[in-house]
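Throughout, a chain's letter reflects where its sequence line sits, starting with A, and its residues are numbered from 1.
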Protein chains: 2
Amino acid sequence: MNPPTIAVIEDETPIRRFLRASLSAEGYRVLEAEDAAGGLRTITGQRPDLVLLDLALPDRDGLDIIRTVREWSAVPIIVLSARGEENSKITSLNAGADDYLTKPFGVGELLARVRVALRHAARINSSSEPEETAFRFGDVRVDLASRIVTRDGEEVKLTKLEFDLLATLVRNAGKVLTHRFLLEKVWGPQAVDEPHYVRVFMASLRKKLEENASRPRYLLTEQGVGYRLKSD
Amino acid sequence: MNPPTIAVIEDETPIRRFLRASLSAEGYRVLEAEDAAGGLRTITGQRPDLVLLDLALPDRDGLDIIRTVREWSAVPIIVLSARGEENSKITSLNAGADDYLTKPFGVGELLARVRVALRHAARINSSSEPEETAFRFGDVRVDLASRIVTRDGEEVKLTKLEFDLLATLVRNAGKVLTHRFLLEKVWGPQAVDEPHYVRVFMASLRKKLEENASRPRYLLTEQGVGYRLKSD
DNA sequence: CGGCGATATCAAGATTCTATCAAGATGGCT
DNA sequence: AGCCATCTTGATAGAATCTTGATATCGCCG
(Lines give C-alpha, C1' and ligand atoms only; values in the text may rest on other atoms or scores of the structure.)
Protein backbone atom coordinates (compact mmCIF):
# COMPACT_ATOMS: atom_id res chain seq x y z
CA MET A 1 0.00 0.00 0.00
CA ASN A 2 1.35 3.41 -0.95
CA PRO A 3 1.57 6.14 1.65
CA PRO A 4 -1.72 8.02 1.99
CA THR A 5 -1.97 11.31 0.13
CA ILE A 6 -3.15 14.41 1.96
CA ALA A 7 -4.23 17.65 0.30
CA VAL A 8 -3.52 20.81 2.30
CA ILE A 9 -5.68 23.78 1.28
CA GLU A 10 -4.45 26.82 3.17
CA ASP A 11 -3.61 30.32 1.99
CA GLU A 12 -1.11 31.33 4.65
CA THR A 13 2.20 30.10 3.36
CA PRO A 14 4.00 29.61 6.73
CA ILE A 15 1.20 27.43 8.05
CA ARG A 16 1.06 25.49 4.81
CA ARG A 17 4.78 24.85 4.95
CA PHE A 18 4.52 23.79 8.53
CA LEU A 19 1.74 21.35 7.76
CA ARG A 20 3.66 19.93 4.83
CA ALA A 21 6.68 19.38 7.05
CA SER A 22 4.74 17.71 9.85
CA LEU A 23 2.82 15.43 7.52
CA SER A 24 5.79 14.49 5.38
CA ALA A 25 7.71 13.57 8.49
CA GLU A 26 4.98 11.02 9.23
CA GLY A 27 5.39 9.51 5.81
CA TYR A 28 2.37 11.02 4.10
CA ARG A 29 2.46 12.36 0.58
CA VAL A 30 1.40 16.00 0.66
CA LEU A 31 -0.32 18.11 -2.01
CA GLU A 32 -0.63 21.88 -1.53
CA ALA A 33 -3.14 24.45 -2.70
CA GLU A 34 -3.48 28.05 -1.61
CA ASP A 35 -6.99 28.93 -2.63
CA ALA A 36 -10.37 27.32 -3.14
CA ALA A 37 -10.07 27.03 -6.89
CA GLY A 38 -6.69 25.32 -6.69
CA GLY A 39 -7.92 23.14 -3.87
CA LEU A 40 -10.85 21.84 -5.84
CA ARG A 41 -8.63 21.21 -8.82
CA THR A 42 -6.27 19.21 -6.61
CA ILE A 43 -9.05 17.15 -5.08
CA THR A 44 -10.66 16.44 -8.41
CA GLY A 45 -7.46 15.68 -10.24
CA GLN A 46 -5.34 13.89 -7.64
CA ARG A 47 -7.97 12.20 -5.51
CA PRO A 48 -6.18 12.56 -2.17
CA ASP A 49 -7.04 10.21 0.70
CA LEU A 50 -7.72 13.11 3.04
CA VAL A 51 -8.22 16.89 2.87
CA LEU A 52 -7.03 19.48 5.38
CA LEU A 53 -9.03 22.58 4.69
CA ASP A 54 -8.66 26.11 5.97
CA LEU A 55 -12.06 27.76 6.24
CA ALA A 56 -10.90 31.29 5.47
CA LEU A 57 -9.69 31.31 1.91
CA PRO A 58 -9.21 34.40 -0.28
CA ASP A 59 -11.48 33.47 -3.16
CA ARG A 60 -14.28 31.43 -1.68
CA ASP A 61 -15.68 30.24 1.62
CA GLY A 62 -14.36 26.87 2.72
CA LEU A 63 -17.92 25.75 3.36
CA ASP A 64 -18.59 25.91 -0.34
CA ILE A 65 -15.73 23.56 -0.95
CA ILE A 66 -17.08 21.06 1.55
CA ARG A 67 -20.51 21.09 -0.05
CA THR A 68 -19.13 20.88 -3.55
CA VAL A 69 -16.84 17.99 -2.76
CA ARG A 70 -19.55 16.13 -0.89
CA GLU A 71 -21.66 16.05 -4.01
CA TRP A 72 -19.42 13.47 -5.50
CA SER A 73 -16.87 12.29 -2.93
CA ALA A 74 -16.71 10.96 0.61
CA VAL A 75 -13.04 11.78 1.10
CA PRO A 76 -12.43 12.70 4.76
CA ILE A 77 -12.23 16.46 5.30
CA ILE A 78 -10.68 18.00 8.41
CA VAL A 79 -11.36 21.70 8.81
CA LEU A 80 -8.73 24.00 10.26
CA SER A 81 -9.96 27.37 11.36
CA ALA A 82 -8.98 30.37 13.41
CA ARG A 83 -12.63 30.91 14.23
CA GLY A 84 -13.50 29.06 17.40
CA GLU A 85 -17.20 29.88 17.55
CA GLU A 86 -19.47 26.95 17.98
CA ASN A 87 -21.65 27.95 15.06
CA SER A 88 -18.81 27.70 12.63
CA LYS A 89 -18.04 24.20 13.85
CA ILE A 90 -21.63 23.09 13.65
CA THR A 91 -22.10 24.45 10.18
CA SER A 92 -18.94 22.83 8.88
CA LEU A 93 -19.65 19.46 10.41
CA ASN A 94 -23.23 19.51 9.16
CA ALA A 95 -22.04 20.45 5.72
CA GLY A 96 -20.06 17.23 5.61
CA ALA A 97 -16.73 17.88 7.31
CA ASP A 98 -15.41 15.01 9.40
CA ASP A 99 -13.55 17.00 12.02
CA TYR A 100 -12.85 20.59 13.03
CA LEU A 101 -9.68 21.89 14.63
CA THR A 102 -9.36 25.39 16.03
CA LYS A 103 -6.05 27.19 15.53
CA PRO A 104 -3.72 27.15 17.22
CA PHE A 105 -3.67 23.39 17.56
CA GLY A 106 -0.91 20.96 18.49
CA VAL A 107 0.72 18.91 15.76
CA GLY A 108 0.27 15.79 17.81
CA GLU A 109 -3.46 16.27 17.98
CA LEU A 110 -3.66 17.05 14.29
CA LEU A 111 -1.77 13.88 13.41
CA ALA A 112 -3.90 11.81 15.74
CA ARG A 113 -7.07 13.14 14.12
CA VAL A 114 -5.62 12.51 10.69
CA ARG A 115 -5.02 8.91 11.70
CA VAL A 116 -8.60 8.58 12.91
CA ALA A 117 -9.97 9.91 9.63
CA LEU A 118 -7.78 7.62 7.56
CA ARG A 119 -8.73 4.70 9.77
CA HIS A 120 -12.38 5.35 8.97
CA ALA A 121 -11.71 5.57 5.28
CA ALA A 122 -9.70 2.35 5.38
CA ARG A 123 -12.52 0.47 7.08
CA ILE A 124 -14.91 1.47 4.36
CA ASN A 125 -12.63 0.55 1.51
CA SER A 126 -11.38 -2.72 2.94
CA SER A 127 -14.79 -4.15 3.86
CA SER A 128 -15.39 -5.08 0.24
CA GLU A 129 -12.41 -7.13 -0.98
CA PRO A 130 -10.59 -9.57 1.28
CA GLU A 131 -7.08 -8.52 0.23
CA GLU A 132 -4.95 -11.12 -1.48
CA THR A 133 -1.42 -11.62 -0.23
CA ALA A 134 -0.95 -14.96 -1.90
CA PHE A 135 1.17 -16.15 -4.76
CA ARG A 136 0.17 -18.83 -7.23
CA PHE A 137 1.84 -21.26 -9.55
CA GLY A 138 0.08 -24.18 -11.16
CA ASP A 139 -2.61 -25.27 -8.75
CA VAL A 140 -0.51 -24.27 -5.77
CA ARG A 141 -1.24 -21.23 -3.64
CA VAL A 142 1.28 -19.79 -1.18
CA ASP A 143 0.12 -17.27 1.38
CA LEU A 144 3.18 -15.69 2.90
CA ALA A 145 1.34 -13.79 5.61
CA SER A 146 -0.51 -16.74 7.07
CA ARG A 147 2.12 -19.33 6.13
CA ILE A 148 -0.43 -21.54 4.47
CA VAL A 149 0.08 -23.51 1.31
CA THR A 150 -2.68 -25.21 -0.62
CA ARG A 151 -2.75 -27.42 -3.67
CA ASP A 152 -6.04 -27.89 -5.50
CA GLY A 153 -7.58 -26.11 -2.54
CA GLU A 154 -6.30 -28.84 -0.23
CA GLU A 155 -3.98 -27.73 2.49
CA VAL A 156 -0.44 -29.02 2.19
CA LYS A 157 1.51 -29.45 5.37
CA LEU A 158 5.03 -28.05 5.12
CA THR A 159 7.70 -28.04 7.79
CA LYS A 160 9.32 -24.82 8.88
CA LEU A 161 12.35 -25.12 6.63
CA GLU A 162 10.29 -26.30 3.69
CA PHE A 163 8.10 -23.26 3.98
CA ASP A 164 10.96 -20.86 4.50
CA LEU A 165 12.69 -22.17 1.43
CA LEU A 166 9.51 -21.97 -0.62
CA ALA A 167 8.86 -18.46 0.67
CA THR A 168 12.30 -17.35 -0.44
CA LEU A 169 11.67 -18.74 -3.89
CA VAL A 170 8.26 -17.09 -4.04
CA ARG A 171 9.61 -13.72 -2.99
CA ASN A 172 12.09 -13.93 -5.85
CA ALA A 173 9.89 -15.75 -8.32
CA GLY A 174 11.33 -15.98 -11.79
CA LYS A 175 14.86 -15.16 -10.72
CA VAL A 176 17.60 -17.73 -10.54
CA LEU A 177 18.74 -18.05 -6.95
CA THR A 178 22.17 -19.40 -6.08
CA HIS A 179 22.72 -22.04 -3.47
CA ARG A 180 24.60 -19.53 -1.38
CA PHE A 181 21.72 -17.11 -1.51
CA LEU A 182 19.14 -19.67 -0.48
CA LEU A 183 21.34 -21.05 2.25
CA GLU A 184 21.98 -17.64 3.68
CA LYS A 185 18.31 -16.65 3.65
CA VAL A 186 16.92 -19.88 5.03
CA TRP A 187 19.64 -21.47 7.12
CA GLY A 188 21.64 -18.38 7.99
CA PRO A 189 25.02 -17.06 6.89
CA GLN A 190 27.03 -19.80 8.58
CA ALA A 191 25.47 -22.54 6.44
CA VAL A 192 26.48 -21.00 3.16
CA ASP A 193 28.65 -23.94 2.11
CA GLU A 194 26.17 -26.77 2.41
CA PRO A 195 24.37 -26.96 -0.92
CA HIS A 196 23.23 -30.40 0.06
CA TYR A 197 20.66 -28.92 2.46
CA VAL A 198 18.95 -27.12 -0.35
CA ARG A 199 18.80 -30.23 -2.47
CA VAL A 200 17.19 -32.33 0.20
CA PHE A 201 14.51 -29.75 0.83
CA MET A 202 13.89 -28.99 -2.81
CA ALA A 203 13.25 -32.69 -3.23
CA SER A 204 10.60 -32.72 -0.53
CA LEU A 205 8.99 -29.55 -1.84
CA ARG A 206 8.74 -31.14 -5.25
CA LYS A 207 7.28 -34.28 -3.82
CA LYS A 208 4.62 -32.26 -2.05
CA LEU A 209 3.87 -29.64 -4.69
CA GLU A 210 4.75 -30.92 -8.14
CA GLU A 211 2.57 -33.22 -10.18
CA ASN A 212 5.60 -35.23 -11.19
CA ALA A 213 8.50 -34.64 -8.85
CA SER A 214 11.08 -35.97 -11.27
CA ARG A 215 9.89 -33.65 -14.05
CA PRO A 216 9.25 -30.44 -12.15
CA ARG A 217 7.28 -27.72 -13.93
CA TYR A 218 7.80 -24.91 -11.42
CA LEU A 219 10.56 -25.73 -8.97
CA LEU A 220 13.32 -25.77 -11.53
CA THR A 221 16.98 -26.69 -11.27
CA GLU A 222 19.57 -24.41 -12.81
CA GLN A 223 22.56 -26.66 -13.16
CA GLY A 224 25.69 -25.33 -11.61
CA VAL A 225 23.93 -22.28 -10.21
CA GLY A 226 20.94 -23.00 -8.05
CA TYR A 227 17.17 -23.00 -8.37
CA ARG A 228 14.36 -20.96 -9.82
CA LEU A 229 10.64 -20.80 -9.29
CA LYS A 230 8.87 -20.41 -12.59
CA SER A 231 5.97 -17.98 -12.34
CA ASP A 232 3.40 -18.91 -14.94
CA MET B 1 -34.65 2.41 10.94
CA ASN B 2 -35.24 2.87 14.67
CA PRO B 3 -33.73 5.88 16.36
CA PRO B 4 -30.03 5.38 17.02
CA THR B 5 -29.11 4.29 20.52
CA ILE B 6 -26.43 6.18 22.41
CA ALA B 7 -24.72 4.96 25.57
CA VAL B 8 -23.64 7.68 27.98
CA ILE B 9 -20.93 6.59 30.40
CA GLU B 10 -20.40 9.41 32.87
CA ASP B 11 -20.15 9.38 36.66
CA GLU B 12 -21.29 12.93 37.41
CA THR B 13 -25.04 12.73 37.61
CA PRO B 14 -25.89 16.32 36.60
CA ILE B 15 -23.86 16.07 33.42
CA ARG B 16 -25.35 12.67 32.65
CA ARG B 17 -28.85 14.04 33.09
CA PHE B 18 -28.02 16.97 30.89
CA LEU B 19 -26.67 14.73 28.16
CA ARG B 20 -29.68 12.49 28.33
CA ALA B 21 -31.97 15.49 27.96
CA SER B 22 -30.07 16.94 25.02
CA LEU B 23 -29.83 13.66 23.18
CA SER B 24 -33.41 12.60 23.84
CA ALA B 25 -34.60 15.93 22.51
CA GLU B 26 -32.90 15.06 19.25
CA GLY B 27 -34.76 11.78 19.11
CA TYR B 28 -31.97 9.44 20.20
CA ARG B 29 -32.55 6.55 22.55
CA VAL B 30 -30.24 6.98 25.54
CA LEU B 31 -28.65 4.38 27.83
CA GLU B 32 -26.87 5.50 30.98
CA ALA B 33 -24.01 4.04 32.99
CA GLU B 34 -22.09 5.64 35.79
CA ASP B 35 -18.94 3.59 35.93
CA ALA B 36 -16.66 1.56 33.68
CA ALA B 37 -18.06 -1.81 34.70
CA GLY B 38 -21.62 -0.73 34.05
CA GLY B 39 -20.58 0.93 30.83
CA LEU B 40 -18.98 -2.19 29.48
CA ARG B 41 -22.02 -4.21 30.45
CA THR B 42 -24.23 -1.77 28.60
CA ILE B 43 -22.10 -1.83 25.49
CA THR B 44 -21.84 -5.59 25.48
CA GLY B 45 -25.47 -6.22 26.23
CA GLN B 46 -27.30 -3.45 24.40
CA ARG B 47 -24.99 -2.81 21.47
CA PRO B 48 -25.53 0.93 21.22
CA ASP B 49 -24.84 2.72 17.95
CA LEU B 50 -22.54 5.21 19.63
CA VAL B 51 -20.77 5.68 22.96
CA LEU B 52 -20.17 8.92 24.83
CA LEU B 53 -17.45 8.21 27.31
CA ASP B 54 -16.12 10.25 30.18
CA LEU B 55 -12.43 9.55 30.62
CA ALA B 56 -12.37 10.02 34.38
CA LEU B 57 -14.42 7.23 35.88
CA PRO B 58 -14.35 6.06 39.48
CA ASP B 59 -13.46 2.42 38.94
CA ARG B 60 -11.29 2.32 35.86
CA ASP B 61 -9.54 4.49 33.32
CA GLY B 62 -11.67 5.29 30.31
CA LEU B 63 -8.74 4.34 28.09
CA ASP B 64 -9.11 0.78 29.25
CA ILE B 65 -12.68 0.79 28.07
CA ILE B 66 -11.72 2.06 24.66
CA ARG B 67 -9.10 -0.63 24.24
CA THR B 68 -11.35 -3.37 25.56
CA VAL B 69 -14.23 -2.42 23.31
CA ARG B 70 -11.97 -2.09 20.30
CA GLU B 71 -10.98 -5.71 20.71
CA TRP B 72 -14.30 -6.75 19.32
CA SER B 73 -16.30 -3.75 18.17
CA ALA B 74 -15.98 -0.74 15.92
CA VAL B 75 -18.81 1.20 17.56
CA PRO B 76 -18.04 4.95 17.42
CA ILE B 77 -16.68 6.31 20.70
CA ILE B 78 -16.64 10.02 21.50
CA VAL B 79 -14.57 10.90 24.54
CA LEU B 80 -15.70 13.67 26.87
CA SER B 81 -13.05 14.93 29.22
CA ALA B 82 -12.28 17.77 31.55
CA ARG B 83 -8.61 17.27 30.75
CA GLY B 84 -7.68 19.46 27.83
CA GLU B 85 -4.04 18.43 27.48
CA GLU B 86 -2.99 17.39 24.05
CA ASN B 87 -1.46 14.13 25.29
CA SER B 88 -4.72 12.91 26.66
CA LYS B 89 -6.36 13.57 23.30
CA ILE B 90 -3.64 11.84 21.36
CA THR B 91 -3.66 8.79 23.59
CA SER B 92 -7.41 8.43 23.41
CA LEU B 93 -7.61 8.86 19.66
CA ASN B 94 -4.77 6.43 19.11
CA ALA B 95 -6.41 3.91 21.42
CA GLY B 96 -9.39 3.85 19.10
CA ALA B 97 -11.62 6.78 20.06
CA ASP B 98 -13.27 8.57 17.15
CA ASP B 99 -13.49 12.04 18.65
CA TYR B 100 -12.52 13.97 21.75
CA LEU B 101 -14.41 16.86 23.29
CA THR B 102 -13.05 18.98 26.11
CA LYS B 103 -15.46 20.13 28.80
CA PRO B 104 -17.11 22.50 28.83
CA PHE B 105 -18.44 22.04 25.33
CA GLY B 106 -21.51 23.37 23.60
CA VAL B 107 -24.47 21.09 23.07
CA GLY B 108 -24.63 22.14 19.47
CA GLU B 109 -21.09 21.01 18.79
CA LEU B 110 -21.65 17.76 20.63
CA LEU B 111 -24.73 17.01 18.59
CA ALA B 112 -22.95 17.88 15.38
CA ARG B 113 -20.09 15.54 16.24
CA VAL B 114 -22.55 12.82 17.18
CA ARG B 115 -24.12 13.18 13.76
CA VAL B 116 -20.72 12.93 12.10
CA ALA B 117 -19.91 9.74 14.01
CA LEU B 118 -23.26 8.16 13.20
CA ARG B 119 -22.87 9.16 9.57
CA HIS B 120 -19.57 7.25 9.48
CA ALA B 121 -21.04 4.22 11.15
CA ALA B 122 -23.96 4.20 8.74
CA ARG B 123 -21.62 4.20 5.78
CA ILE B 124 -19.79 1.20 7.16
CA ASN B 125 -22.77 -0.85 8.26
CA SER B 126 -24.65 -0.33 5.03
CA SER B 127 -21.83 -2.00 3.14
CA SER B 128 -21.49 -5.05 5.38
CA GLU B 129 -23.85 -6.91 7.65
CA PRO B 130 -24.06 -6.14 11.40
CA GLU B 131 -20.78 -7.08 12.96
CA GLU B 132 -20.54 -10.53 14.44
CA THR B 133 -18.50 -10.79 17.60
CA ALA B 134 -18.72 -14.55 17.85
CA PHE B 135 -16.53 -17.10 16.18
CA ARG B 136 -17.10 -20.81 15.72
CA PHE B 137 -14.98 -23.84 15.15
CA GLY B 138 -16.25 -27.37 15.55
CA ASP B 139 -18.88 -27.25 18.26
CA VAL B 140 -17.11 -24.43 20.05
CA ARG B 141 -18.36 -20.86 20.06
CA VAL B 142 -16.22 -17.94 21.22
CA ASP B 143 -17.85 -14.60 21.93
CA LEU B 144 -15.19 -11.94 22.19
CA ALA B 145 -17.54 -9.30 23.53
CA SER B 146 -18.95 -11.20 26.46
CA ARG B 147 -15.87 -13.39 26.87
CA ILE B 148 -18.07 -16.44 26.91
CA VAL B 149 -17.00 -19.72 25.39
CA THR B 150 -19.39 -22.57 24.85
CA ARG B 151 -18.99 -26.12 23.66
CA ASP B 152 -22.08 -28.01 22.53
CA GLY B 153 -24.01 -25.10 24.00
CA GLU B 154 -22.50 -25.75 27.42
CA GLU B 155 -20.44 -22.92 28.85
CA VAL B 156 -16.76 -23.71 29.26
CA LYS B 157 -14.95 -21.90 32.03
CA LEU B 158 -11.64 -20.46 30.90
CA THR B 159 -9.13 -18.54 32.97
CA LYS B 160 -8.09 -15.07 31.92
CA LEU B 161 -4.93 -16.16 30.15
CA GLU B 162 -6.63 -19.09 28.50
CA PHE B 163 -9.26 -16.78 27.10
CA ASP B 164 -6.79 -14.11 26.01
CA LEU B 165 -4.74 -16.69 24.18
CA LEU B 166 -7.82 -18.14 22.53
CA ALA B 167 -9.04 -14.66 21.62
CA THR B 168 -5.76 -13.87 19.93
CA LEU B 169 -5.99 -17.07 17.94
CA VAL B 170 -9.59 -16.32 17.01
CA ARG B 171 -8.81 -12.81 15.82
CA ASN B 172 -6.18 -14.24 13.54
CA ALA B 173 -7.93 -17.45 12.68
CA GLY B 174 -6.30 -19.39 9.90
CA LYS B 175 -2.96 -17.65 10.14
CA VAL B 176 0.09 -19.22 11.69
CA LEU B 177 1.03 -17.17 14.73
CA THR B 178 4.57 -17.26 16.04
CA HIS B 179 5.35 -17.82 19.68
CA ARG B 180 6.73 -14.30 19.85
CA PHE B 181 3.53 -12.85 18.51
CA LEU B 182 1.32 -14.74 20.91
CA LEU B 183 3.55 -13.97 23.86
CA GLU B 184 3.61 -10.30 23.03
CA LYS B 185 -0.15 -10.08 22.62
CA VAL B 186 -1.11 -12.13 25.64
CA TRP B 187 1.74 -11.81 28.13
CA GLY B 188 3.24 -8.52 26.98
CA PRO B 189 6.43 -7.62 25.16
CA GLN B 190 8.73 -8.55 28.02
CA ALA B 191 7.67 -12.21 27.92
CA VAL B 192 8.60 -12.66 24.30
CA ASP B 193 11.23 -15.30 25.01
CA GLU B 194 9.19 -17.77 27.02
CA PRO B 195 7.55 -20.08 24.49
CA HIS B 196 6.92 -22.47 27.31
CA TYR B 197 4.02 -20.32 28.54
CA VAL B 198 2.21 -20.74 25.29
CA ARG B 199 2.66 -24.48 25.32
CA VAL B 200 1.26 -24.92 28.77
CA PHE B 201 -1.83 -22.88 27.95
CA MET B 202 -2.36 -24.43 24.57
CA ALA B 203 -2.39 -27.76 26.35
CA SER B 204 -5.14 -26.65 28.69
CA LEU B 205 -7.16 -25.06 25.89
CA ARG B 206 -6.99 -28.32 24.01
CA LYS B 207 -8.03 -30.27 27.04
CA LYS B 208 -11.07 -28.03 27.43
CA LEU B 209 -12.04 -27.52 23.80
CA GLU B 210 -10.79 -30.37 21.66
CA GLU B 211 -12.51 -33.70 21.35
CA ASN B 212 -9.19 -35.46 21.56
CA ALA B 213 -6.51 -33.25 23.02
CA SER B 214 -3.68 -35.35 21.66
CA ARG B 215 -5.05 -35.19 18.11
CA PRO B 216 -6.24 -31.61 17.90
CA ARG B 217 -8.47 -30.69 14.97
CA TYR B 218 -8.48 -26.93 15.43
CA LEU B 219 -5.78 -25.79 17.82
CA LEU B 220 -2.88 -26.85 15.65
CA THR B 221 0.83 -26.87 16.26
CA GLU B 222 3.18 -25.54 13.62
CA GLN B 223 6.50 -27.00 14.63
CA GLY B 224 9.30 -24.54 14.92
CA VAL B 225 7.00 -21.59 14.34
CA GLY B 226 4.00 -21.42 16.60
CA TYR B 227 0.31 -22.25 16.53
CA ARG B 228 -2.70 -21.81 14.33
CA LEU B 229 -6.45 -21.97 14.78
CA LYS B 230 -7.94 -23.78 11.86
CA SER B 231 -11.11 -22.12 10.69
CA ASP B 232 -13.31 -24.80 9.20
C1' DC C 1 28.43 -42.41 -26.62
C1' DG C 2 30.97 -42.38 -22.23
C1' DG C 3 32.81 -40.00 -18.33
C1' DC C 4 32.35 -36.83 -14.71
C1' DG C 5 30.59 -33.44 -11.78
C1' DA C 6 26.29 -32.04 -10.22
C1' DT C 7 21.84 -33.33 -8.57
C1' DA C 8 18.15 -36.40 -6.60
C1' DT C 9 16.59 -39.67 -3.35
C1' DC C 10 16.28 -42.32 0.81
C1' DA C 11 16.56 -43.42 5.49
C1' DA C 12 18.96 -43.76 10.03
C1' DG C 13 20.69 -41.18 13.74
C1' DA C 14 21.00 -36.75 16.03
C1' DT C 15 18.84 -32.83 17.45
C1' DT C 16 15.38 -29.79 18.47
C1' DC C 17 10.80 -28.84 19.60
C1' DT C 18 6.49 -30.04 21.98
C1' DA C 19 3.13 -32.12 25.39
C1' DT C 20 2.09 -33.01 29.86
C1' DC C 21 2.26 -33.25 34.74
C1' DA C 22 2.90 -31.36 39.03
C1' DA C 23 5.14 -28.60 42.52
C1' DG C 24 6.02 -23.98 44.01
C1' DA C 25 4.80 -18.99 43.65
C1' DT C 26 1.56 -15.47 43.35
C1' DG C 27 -2.36 -12.76 44.13
C1' DG C 28 -7.17 -11.87 45.15
C1' DC C 29 -10.81 -12.48 48.51
C1' DT C 30 -13.18 -13.38 52.82
C1' DA D 1 -4.19 -14.83 58.11
C1' DG D 2 -5.60 -18.52 55.31
C1' DC D 3 -7.91 -20.34 51.32
C1' DC D 4 -8.61 -20.85 46.54
C1' DA D 5 -7.82 -20.34 41.76
C1' DT D 6 -4.47 -19.24 38.71
C1' DC D 7 -0.03 -18.62 36.90
C1' DT D 8 4.95 -19.78 36.60
C1' DT D 9 8.55 -22.89 36.40
C1' DG D 10 11.01 -27.20 36.07
C1' DA D 11 11.45 -32.00 34.78
C1' DT D 12 10.81 -35.57 31.53
C1' DA D 13 8.89 -38.43 27.90
C1' DG D 14 7.58 -38.30 23.29
C1' DA D 15 7.15 -36.56 18.56
C1' DA D 16 8.57 -34.17 14.55
C1' DT D 17 12.09 -32.36 12.05
C1' DC D 18 16.69 -31.75 10.53
C1' DT D 19 21.26 -33.38 9.35
C1' DT D 20 24.14 -36.42 7.33
C1' DG D 21 26.02 -40.01 4.54
C1' DA D 22 25.41 -43.51 1.14
C1' DT D 23 23.84 -44.46 -3.35
C1' DA D 24 21.34 -43.72 -7.67
C1' DT D 25 20.43 -40.71 -11.48
C1' DC D 26 20.88 -36.84 -14.48
C1' DG D 27 22.78 -33.88 -17.95
C1' DC D 28 26.58 -31.50 -19.93
C1' DC D 29 30.80 -31.88 -22.70
C1' DG D 30 34.23 -33.78 -25.35
Using whole Å, what does the distance between atom [atom2] of nucleotide [N] and atom [atom1] of [X] come to?
| X | N | atom1 | atom2 | answer |
| --- | --- | --- | --- | --- |
| B:Met202 | D:dA15 | CE | C1' | 16 Å |
| B:Glu210 | C:dA19 | CD | C1' | 14 Å |
| B:Leu220 | D:dA16 | CG | C1' | 15 Å |
| B:Leu183 | C:dT18 | CG | P | 12 Å |
| B:Phe201 | C:dT20 | CZ | P | 15 Å |
| A:Gln223 | C:dC4 | CD | P | 17 Å |
| A:Glu194 | D:dG21 | CD | C1' | 12 Å |
| B:Tyr197 | C:dT20 | OH | C1' | 18 Å |

Please determine, for the side chain of [X], which listed nucleotide ([options]) has the closest atom?
| X | options | result |
| --- | --- | --- |
| B:Lys160 | D:dC7, C:dC10, D:dT8 | D:dC7 |
| A:Leu161 | C:dC10, C:dT9, D:dT19 | D:dT19 |
| B:Thr159 | D:dT6, D:dC18, C:dT20 | D:dT6 |
| A:His196 | D:dT8, D:dA11, D:dG21 | D:dG21 |

**Asked** Closest nucleotide of DNA chain C for B:Glu222 versus for A:Thr221: which of these residues is on the 5' side?
**Response**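 Nearer the 5' end of the strand: A:Thr221.
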**Item:** DNA chain C: 5'-proximal contact among A:Val225 and A:Val200 (nearest heavy atom)
**Value:**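 First, find each residue's nearest nucleotide; the 5'-ward one identifies A:Val225.
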**Item:** Under 4.0 angstrom between A:Trp187 side-chain N/O and D:dT19 OP1 or OP2
**Value:**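 Checking D:dT19 against A:Trp187, a side-chain N or O does come within under 4.0 Å of OP1 or OP2.
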**Request:** Check whether any side-chain N or O of B:Arg199 sits under 4.0 Å from OP1 or OP2 of C:dC17, and answer yes or no.
**Result:** no
**Request:** Pick base, sugar-phosphate or nothing for A:Glu162, based on heavy-atom distances below 4.0 Å to the nucleic acid.
**Result:**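 Nothing: the residue A:Glu162, judged by heavy atoms under 4.0 Å, touches no strand.
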**Item:** Ring centroid separation B:Trp72 to B:Phe135 under 6.0 Å
**Value:** no
**Message:** Using the ring centroid of each side chain, check whether B:Tyr227 and B:His179 are separated by less than 6.0 Å.
**Reply:**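 Aromatic pair counts; centres sit under 6.0 Å.
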**Fill in**
Rounding to 0.5 Å, atoms CG (B:Leu220) and CD (B:Glu210) come to a distance of 7.5 Å
**Request:** Give a yes or no on whether a salt bridge exists between B:Lys185 and B:Asp164, defined as a side-chain N under 4.0 angstrom from a carboxylate O.
**Result:** no
**Under-4.0 Å salt bridge between A:Glu155 and B:Arg228** =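 Judged by the 4.0 Å cut-off on N to carboxylate O distance, A:Glu155 and B:Arg228 do form a salt bridge.
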**Asked** Given that A:Lys157 and A:Arg215 both sit by DNA chain D, which one's nearest nucleotide is further toward the 5' end?
**Response**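 The 5'-side residue here is A:Lys157.
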